[in-house]
Amino acid sequence: MLALATLGAWLATGAHSGWTKTSVTVVEVDAVTGLENPVQQKKFVMGVELLGVGLIGAAVLAGASFLFKTTKTNNQQ
C-alpha cells in the first residue's frame with residue numbers, strides 16, 4: 001500500500017525526475033506589451049528522492065513482515 005501511495009503521489013504531482021521543488025517558474029505573457037515575464041508560483045512537486053524513500057520504506061516493511069510468523073489456532077473441543 002505504501003509503494004502504491006508513494007507512486008500515486010509522485011505521479012499526481014507531475015512525475016518530476018529531479019529533486020523535490022516547493023515552487024515552480026511559470027512564464028506569463030503581458031497582455032499589453034506581449035513580453036514574457038517569469039513568475040514564481042508556490043507548488044509542491046515531488047522529486048525522485050521522496051519516491052525512492054517511499055519505495056525503500058515499502059520494501060523494508062515488506063521484508064519485516066516475514067519476520068513475524070503467524071500461528072494457527074485450533075478451536076475444536
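- Atom CD of Glu36 has 12 or fewer neighbouring heavy atoms from other residues, nucleotides or ligands inside a 6.0 Å radius.
- In this structure, OG in Ser23 is found 11.5 Å from NZ in Lys43, a value given to the nearest 0.5 Å.
- Proximity of a side-chain donor or acceptor of Thr13 to a complementary backbone N or O of Val45 within less than 3.5 Å is not detected.
- Note: the hydrophobic cluster containing Leu50 also contains Leu55 (ILVMFWY, side chain heavy atoms under 4.5 Å, direct or indirect links).
- To the nearest 0.5 Å, the span separating CG on Leu2 from CD1 on Ile56 amounts to 11.5 Å.
- Between the CD atom in Glu28 and the CG atom in Leu35 there is a gap of 13.0 Å [rounded to 0.5 Å].
- Under the 4.5 Å side-chain heavy-atom criterion for Ile, Leu, Val, Met, Phe, Trp and Tyr, Met46 and Leu7 are members of the same hydrophobic cluster.
- Listed here is the closest heavy atom pair of Pro38 and Thr25: CB-CG2, 3.8 Å.
- Residues Phe44 and Leu51 share a hydrophobic cluster, clusters being chains of Ile/Leu/Val/Met/Phe/Trp/Tyr side chains in contact below 4.5 Å.
- Of all heavy-atom pairs between Glu49 and Trp19, the closest is OE1-CE3, 3.1 Å.
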